[in-house]
Colleague: 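Dumping the structure here so I can ask a few things about it.
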Amino acid sequence: MNTIGITPSDSANAADTQPTPAEYLARAVELATENVRNAGGPFGAIVVSADGRVFEGVNRVTANLDPSAHAEVTAIRNACQGLGTFDLTGAVLYTSCEPCPMCLATSLWARVERVYFAADREDAADAGFDDAVFYRYFEGTDADRAIMPVAQEALPADRRVAPFTEWSQTAARTEY
Ligand SMILES: Nc1nc2[nH]cnc2c(=O)[nH]1
């Protein structure tokens, strides 16, 4: 039996008995609600790997003193650790809420194939979360970016690109 309580009856029709996106989302929402009762934020996520393995994650930002411990990032970390890889090509992410820009970027870096979500950024804003504000940081005007200015500071070119030069010259590098 998998974590959302569905037992494929036999291998011949296993494809027919895979949980639907709505069922995975229902489980992610359940995880999110349970997590609030466990002193966590109201977010839960599931990664289903290309070969159908299921990895769960919940928000542990305040519990772990880790601003990056969003539910989606936690589920991706769990999947990568469980599978022994940093590349989740073919995986699907199901999350109780629209991924914030960090979670979306993490999904891109992990090469997640597709994302499904339940609540959206405006629902999160109604509960006091800044997801919509941070989307405007990337999608909006200079005024929306005043909350955190980012600037390139001039360095001599050879010093600026020294890490990339080192990387390019390292034959044994692991590309990602
Ligand atoms: N999607 C999502 N949005 C958040 N906003 C604050 N925490 C989270 C989280 O864990 N997931």
Side-chain angles (χ1 to χ4, degrees), residues 2-6 18-151 176:
N2 60 38
T3 54
I4 64 170
I6 293 174
Q18 290 309 302
T20 64
E23 288 170 322
Y24 280 125
L25 280 180
R27 173 62 183 151
V29 169
E30 187 177 71
L31 284 171
T33 307
E34 284 170 1
N35 195 47
V36 176
R37 299 182 193 124
N38 196 22
F43 302 92
I46 294 173
V47 169
V48 181
S49 65
D51 65 357
R53 293 178 61 186
V54 176
F55 300 89
E56 297 179 344
V58 291
N59 178 294
R60 302 309 290 164
V61 169
T62 55
N64 293 358
L65 307 181
D66 178 358
S68 72
H70 282 198
E72 298 90 331
V73 173
T74 304
I76 288 169
R77 287 179 182 152
N78 288 342
C80 288
Q81 292 299 310
L83 296 166
T85 181
F86 51 80
D87 183 343
L88 298 179
T89 295
V92 180
L93 172 70
Y94 300 90
T95 172
S96 66
C97 184
E98 182 177 7
C100 77
M102 172 183 71
C103 296
L104 214 47
T106 305
S107 303
L108 286 166
W109 280 110
R111 313 299 167 181
V112 165
E113 183 176 288
R114 180 174 194 142
V115 178
Y116 291 94
F117 64 86
D120 64 24
R121 64 185 83 168
E122 301 304 337
D123 295 319
D126 289 344
F129 291 94
D130 280 337
D131 301 55
V133 173
F134 294 158
Y135 266 105
R136 283 196 292 278
Y137 184 95
F138 292 103
E139 296 171 348
T141 64
D142 283 351
D144 295 308
R145 284 184 282 278
I147 55 172
M148 187 186 71
V150 177
Y176 64 94

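Counting convention: from 1, in listed order, for ligands and their atoms alike. Residue indices begin at 1 and follow the sequence shown.
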Colleague: Give me the nearest non-hydrogen protein atom to atom 11 (N) of ligand 1 as residue plus atom name, then the distance to 0.1 Å.
Modeller: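 Result: Glu72 OE1, 2.9 Å.
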Colleague: Can Ser68 and Arg77 be counted as having a side-chain donor-acceptor contact under 3.5 angstrom?
Modeller: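 Ser68 vs Arg77: donor-acceptor pair found between side chains.
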Colleague: Give the atoms of ligand 1, by number and element, whose distance to some non-hydrogen atom of His70 is under 4.0 Å.
Modeller: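 With His70 as reference, the close atoms of ligand 1 come out as 4 (C), 5 (N), 6 (C), 7 (N), 8 (C), 9 (C), 10 (O), 11 (N).
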Colleague: Give me the residue, atom name and distance of the protein heavy atom closest to atom 4 (C) of ligand 1.
Modeller: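 The protein heavy atom lying closest is Asp131 OD2, 3.2 Å.
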Colleague: Would you mind checking if Glu30 and Arg27 are paired as a salt bridge, meaning a charged N to carboxylate O distance below 4.0 Å?
Modeller: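 So Arg27 pairs with Glu30 through a salt bridge.
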Colleague: Would you find more than 12 non-hydrogen atoms of other residues, nucleotides or ligands less than 6.0 Å from Arg145 atom CZ?
Modeller: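 Yes.
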Colleague: Find all atoms of ligand 1 within a distance of less than 4.0 Å from any non-hydrogen atom belonging to Glu98, and give their numbers and elements.
Modeller: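 Here the atoms of ligand 1 in question are 1 (N).
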Colleague: Kindly assign one of parallel, tilted or perpendicular to the pair Tyr116 and Tyr94, based on the angle between their ring planes and the thresholds 30° and 60°.
Modeller: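 Ring orientation, 0 to 90° scale: parallel.
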Colleague: Does a donor on one side chain sit under 3.5 Å from an acceptor on the other, for Thr85 and Asp87?
Modeller: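 Not at all, the side chains of Thr85 and Asp87 share no donor-acceptor pair under 3.5 Å.
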Colleague: Below 4.0 Å from any atom of ligand 1, is there a heavy atom belonging to Gly41?
Modeller: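 Outside the 4.0 Å threshold, so no.
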Colleague: Any heavy atom of Ala124 closer to ligand 1 than 4.0 angstrom?
Modeller: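 False for this residue.
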Colleague: Quick one: look up the protein heavy atom nearest atom 9 (C) of ligand 1 and list residue, atom name and how far away it is.
Modeller: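 Answer for atom 9 (C) of ligand 1: Phe43 CG, 3.3 Å.
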Colleague: Considering only heavy atoms, which of Val58, Asp130, Asn59 lies nearest to atom 10 (O) of ligand 1?
Modeller: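 Ranked by closest heavy atom to atom 10 (O) of ligand 1, first place is Asn59.
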Colleague: In Å, rounded to the nearest 0.5 Å, how long is the span from CD of Glu98 to CD of Glu122?
Modeller: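 Going from the CD atom of Glu98 to the CD atom of Glu122 covers 8.5 Å.
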Colleague: Which atoms of ligand 1 sit under 4.0 Å from any heavy atom of Phe129?
Modeller: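 Going through ligand 1 atom by atom, the ones under 4.0 Å from Phe129 are 6 (C).
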Colleague: Enumerate the atoms of ligand 1 whose separation from the nearest heavy atom of Pro99 is less than 4.0 angstrom.
Modeller: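 Counting atoms of ligand 1 from 1, those under 4.0 Å from Pro99 are 1 (N).
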Colleague: Which pair of non-hydrogen atoms, one from Leu93 and one from Ser107, has the smallest distance, and what is that distance?
Modeller: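 Heavy-atom minimum between the residues: CD2-OG, 3.5 Å.
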